[in-house]
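To start, the structure itself, in structure tokens.
Chain letters run A, B, ... following the sequence lines, proteins first and then strands; every chain starts at 1.
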There are 2 protein chains.
Amino acid sequence: MSLPDQLRSRGYRLTPQRQLVLEAVTTLGHATPEAAHAWIVDRSPGVNLSTIYRNLELLEELGLVNHAHLSHGAPTYHAATAPEHVHLVCRRCGTISSLDSDAVEPLVGMLRAEHGFHADVGHLTVFGECATCAKMYARDE
Amino acid sequence: MSLPDQLRSRGYRLTPQRQLVLEAVTTLGHATPEAAHAWIVDRSPGVNLSTIYRNLELLEELGLVNHAHLSHGAPTYHAATAPEHVHLVCRRCGTISSLDSDAVEPLVGMLRAEHGFHADVGHLTVFGECATCAKMYARDE
DNA sequence: CTACTTGCAAACTCTTTGCACCATA
DNA sequence: TATGGTGCAAAGAGTTTGCAAGTAG
């Protein structure tokens, strides 16, 4: 269902700001509220940060975007249309890479079968050390 | 190595506050800075929140405690002496359960073998819906 | 027209920092 | 007694909210 229909069917209105927020998240791929705001202000000055927050929340409620917590607190949003993926975050260099959800299917299946737990894969973030940093710091510490 | 030795060997001092912070985290199991502070003030009034923050940071640097991000931003600390575990957080009821790290060993091994990524399992949190909530909401939405 | 939205500014929460006094080693 | 540590208060980041003016339907 398209954004206008999604909105109207629930009594919300279609505003330029809402379209921009969705567009920003879709285009940026991994967008913090701050980053989305910067992208939007670039093409439409005057849009307020609080509007970004309100609309990210709304779009998430509608299921059009999701968020995950990469690093210390800054939530990162992606469009729900993007293929679902797991994040790998390197705590040394901060690099964020994506991993197809299929790769964690065994884990998800096990959690469901043995613990009845329905994991939200799109929200899953694995912290650690990326290949590059692991090599670089191999002999330290 | 004990706390006093850990500290002294790096030129830090042993203070009652530091002992309390470590004790709070060990006792509480899952402690936010705020929770640790409450626990400490209970037995030693006057200890400041900023001291808790400073010492949690220090203890983590020494490898005596670890933290994970459960829910929206509030970091949760555990003693490093506790067995390493993964957190399962239910986004409906907020229940936090633990899962032995062995259970995710296949995933960790795969990440290392195929992506060179060294996952920090103790920091891993899986969000989703617990068995109870999954049943309760099965027919909604 | 009416109710939903927005911009703006203030309020909030969580965390960090500067500084003078205090206490460990 | 020489640092390193603490309490206190103020400053910061990130996010939320109240309200009057604006606008989609």
So [Y] and [X], do their side chains get closer than 4.5 Å, heavy atoms only?
X: A:Y77; Y: A:H30; value: no
X: B:L99; Y: B:H85; value: no
X: A:H37; Y: A:I40; value: no

In whole Å, what is the span from the [atom1] atom of [X] to the [atom2] atom of [N]?
X: B:I52; N: C:dT13; atom1: CD1; atom2: C1'; result: 18 Å
X: A:R18; N: D:dA24; atom1: CZ; atom2: C1'; result: 10 Å
X: A:R8; N: D:dA24; atom1: CZ; atom2: P; result: 11 Å
X: A:L7; N: C:dC4; atom1: CG; atom2: C1'; result: 12 Å
X: B:D5; N: C:dA25; atom1: CG; atom2: C1'; result: 14 Å
X: A:L3; N: C:dT5; atom1: CG; atom2: C1'; result: 14 Å
X: B:E60; N: C:dT15; atom1: CD; atom2: P; result: 13 Å
X: B:H37; N: C:dT15; atom1: NE2; atom2: C1'; result: 13 Å

### Task
Inspect the surroundings of CD in B:E57 and state if more than 12 heavy atoms from other residues, nucleotides or ligands are less than 6.0 Å away.
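No, because the 6.0 Å sphere around CD of B:E57 holds 12 heavy atoms or fewer from other groups.
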### Message
Working note: A:C93 + A:C130, criterion side-chain contact (heavy atoms from CB on, under 4.5 Å); need CA distance, chi angles, decisive distance, verdict.
### Response
CA-CA 8 Å; A:C93 65; A:C130 71; 3.8 Å; yes
### Query
Are the side chain of A:T26 and the backbone of A:A79 linked by a donor-acceptor contact shorter than 3.5 Å?
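Flag not set: sc A:T26 to bb A:A79 has no pair under 3.5 Å.
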#### Entry: Pairwise 5' ranking along DNA chain D for B:G11 and B:V47, keeping only the more 5' one
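Upstream on the strand: B:G11.
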### Message
Quick check on ring-ring contact (aromatic ring centres under 6.0 Å, His included): which of A:H67, A:H78, A:H123, A:H69 does A:H87 satisfy it with?
### Response
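Exactly one candidate clears the test, A:H78.
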### Message
Is the phosphate of C:dG7 approached by A:T51 (side-chain N or O, under 4.0 Å from OP1 or OP2)?
### Response
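It does, given that an N or O in the side chain of A:T51 lies less than 4.0 Å from OP1 or OP2 of C:dG7.
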### D:dT23 phosphate, OP1 or OP2, under 4.0 Å from A:Q17 side-chain N/O
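No, outside the criterion.
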Pick out the pairs of N or O atoms, protein on one side and nucleotides 17-22 of chain D on the other, that lie under 3.5 Å.
unit_1, atom_1, unit_2, atom_2, d
D:dG18, O6, A:R54, NH1, 3.4

### Query
Would A:N48 and A:T51 count as having a side-chain donor-acceptor pair, cut-off 3.5 Å?
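No, A:T51 and A:N48 have no side-chain donor paired with an acceptor closer than 3.5 Å.
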### Query
Between the two end axes of the helix from C:dC1-D:dG25 to C:dA25-D:dT1, each built from 5 base pairs, what angle do you get to the nearest 10°?
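If I round to tens, the end axes sit 40° apart.
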### Query
DNA chain C: A:T15 or B:E57, which has the more 5' nearest nucleotide?
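It is A:T15 whose nearest nucleotide is closer to the 5' end.
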### Message
Among B:D120, B:D102, B:L124, B:V121, which residue satisfies the side chain to side chain contact (heavy atoms under 4.5 Å, CB included) criterion with B:V108?
### Response
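Exactly one candidate clears the test, B:V121.
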